[in-house]
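Sequence positions, counted from 1, serve as the residue numbers for this chain. When reading the values below, keep in mind they use all heavy atoms of this one structure, side chains included, and skip hydrogens, waters and symmetry mates.
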Amino acid sequence: MKRAAALLLVVLAAGAAAGSAEARWHPPVGTAWQWQLDGKLDLSVDVPVYDVDGFETSRSQVGRLHRLGRHAVCYLNAGAWERWRPDRDRFPGSVLGNGLDGWPGERWLDIRKVGVLRPIMRDRIARCARKGFDAVEPDNIEGYANGSGFPLTARDQLRYNRWFAREVHDAGLSIALKNDLGQVRRLLPSYDFAIVEECFQYKECGRASPFVEAGKAVLEVEYRLARADFCGKARRLGFSSMRKRLGLGPWRQACS
């Protein structure tokens with residue numbers, strides 16, 4: 001009897017986990033989107049997905065996006081420190097590494113020190129959840145492939161990225177794999193969709209294709225290529241591509 005009861009609990013727990021996964025929002029392959037991290041939020045773009053800054057976007061703005069029939073993705077920095085964020089003083093100097101090339105005021109984090117980063121990142125994720133966001137976009141989660149100032153390995157990054165995905169899922173939100181194309185196949189089970197930058201520019205879009213093959217959206221952006229140079233390829237791959245300026249203001253040129 002005890003064994004049967006234990007098995008029942010396992011089955012119920014598995015069913016609850018599956019149900020929660022099904023309850024999370026999953027953007028469909030080919031969905032159109034807007035990505036704005038700078039300037040006054042422009043709500044006039046008629047697309048079903050908005051990716052906006054988790055700190056600077058208010059709960060009321062997220063609510064308005066929902067009333068307009070749109071889903072909201074919460075951008076937050078999971079792998080680098082930013083000097084302008086209100087929680088910047090919570091990061092000890094021991095986890096701050098080299099600066100990010102081209103991004104003054106940002107420094108890579110030592111993602112091996114999850115014990116230090118855990119409460120900070122949990123609070124950031126909780127902020128996204130309290131504001132009513134549907135998903136999280138964690139940025140800079142490929143420090144192992146950059147000059148972070150720490151001897152980060154691919155295994156370190158996998159461990160951190162999987163941990164981060166679990167935390168986001170535990171908060172009831174879906175999560176996007178931001179770049180980190182070198183580990184797509186290993187991270188695919190943990191992530192609900194992908195956000196990719198300049199894969200046509202660097203001829204590496206095929207590495208993101210497993211997401212589409214799994215029925216998960218790939219939201220893609222180019223900054224330098226003309227639409228004629230990538231939109232046809234994007235449609236064939238099933239990617240949701242557009243052209244943006246690097247500052248990520250309201251301006252966009254969609255492929256369709």
Side-chain angles (χ1 to χ4, degrees), residues 35-38 51-57 73-114 116-125 127-128 133 135-168 173-184 186-187 190-199 201-202 204 207-208 211 218-223 244 246-248:
W35 195 14
Q36 185 184 342
L37 302 182
D38 187 49
D51 187 341
V52 294
D53 189 273
F55 279 98
E56 297 178 8
T57 306
V73 180
C74 183
Y75 170 92
L76 58 82
N77 208 326
W81 173 86
E82 299 161 310
R83 69 182 175 205
W84 56 87
R85 297 301 188 187
D87 61 355
R88 60 189 177 274
D89 293 334
R90 295 184 64 185
F91 294 85
S94 61
V95 301
L96 303 184
N98 292 339
L100 277 68
D101 290 341
W103 299 99
E106 296 190 46
R107 296 171 64 180
W108 290 104
L109 293 173
D110 188 350
I111 57 165
R112 298 169 301 173
K113 298 180 179 177
V114 178
V116 175
L117 298 176
R118 181 182 291 115
I120 305 171
M121 294 303 166
R122 280 180 174 169
D123 285 350
R124 288 186 169 190
I125 294 166
R127 179 191 296 265
C128 296
F133 279 96
V136 169
E137 176 209 342
D139 200 8
N140 296 310
I141 54 172
E142 72 288 353
Y144 78 103
N146 291 271
S148 68
F150 304 110
L152 303 180
T153 66
R155 179 174 293 185
D156 294 329
Q157 195 71 62
L158 278 172
R159 186 181 300 112
Y160 183 76
N161 291 0
R162 285 170 174 159
W163 167 78
F164 203 95
R166 287 194 300 271
E167 293 291 330
V168 171
L173 308 178
S174 63
I175 186 168
L177 180 65
K178 175 69 173 293
N179 297 320
D180 196 12
L181 295 179
Q183 302 191 102
V184 163
R186 300 185 72 177
L187 289 170
S190 300
Y191 283 77
D192 304 297
F193 60 108
I195 294 175
V196 181
E197 295 174 289
E198 296 188 292
C199 71
Q201 172 74 26
Y202 293 106
E204 56 185 4
R207 300 169 82 183
F211 271 90
V218 174
L219 312 183
E220 198 271 337
V221 161
E222 297 290 330
Y223 301 115
K244 294 282 292 183
L246 194 57
L248 294 177

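- Checked by atom type and distance alone, the side chain of Asp38 never pairs as donor or acceptor with a backbone atom of Leu248 at under 3.5 Å.
- A salt bridge does not link Arg186 with Asp180: none of the charged nitrogens is closer than 4.0 Å to a carboxylate oxygen.
- Each of Arg88, Arg107, Glu106 was compared with Glu82 under the side chain to side chain contact (heavy atoms under 4.5 Å, CB included) criterion, and only Glu106 meets it.
- Closest non-hydrogen pair, Pro104 versus Trp84, comes out as O-CZ3, 3.7 Å.
- Salt bridge annotation for Glu167-Arg122: present, with a cationic side-chain nitrogen under 4.0 angstrom from a carboxylate oxygen.
- A salt bridge does not link Asp87 with Arg90: none of the charged nitrogens is closer than 4.0 Å to a carboxylate oxygen.
- Here the CZ atom belonging to Arg166 is positioned 11.0 Å from the CD1 atom belonging to Ile175, to the nearest 0.5 angstrom.
- The side-chain heavy atoms of Leu76 and Glu137, taken from C-beta on, include no pair separated by under 4.5 Å.
- Between Val218 and Val196, some side-chain heavy-atom pair lies under the 4.5 Å cut-off.
- Lys178 places no side-chain N or O within donor-acceptor distance of the main-chain N or O of Glu197, the cut-off being under 3.5 Å.
- Between Asp110 and Arg112 there is a salt bridge, since at least one side-chain N of the basic residue sits less than 4.0 Å from a carboxylate O of the acidic one.
- When side chains are defined from C-beta on, Lys244 counts as touching Tyr223, because their heavy atoms get closer than 4.5 Å.
- When side chains are defined from C-beta on, Ile125 does not count as touching Cys128, because their heavy atoms never get closer than 4.5 Å.
- With hydrogens and angles disregarded, a donor-acceptor distance shorter than 3.5 Å links the side chain of Asn161 to the backbone of Ile141.
- Surrounding CZ of Arg155 are at most 12 heavy atoms belonging to other residues, nucleotides or ligands under 6.0 Å away.
- Counted within 6.0 Å of CZ on Arg118, heavy atoms from surrounding residues, nucleotides or ligands total more than 12; the atom is thus considered enclosed.
- Note that CG of Asn77 and CG of Leu109 are 7.0 Å apart. Values are rounded to the nearest 0.5 Å.
- With values rounded to the nearest 0.5 angstrom, Gln183 atom CD is found 8.0 Å from Arg162 atom CZ.
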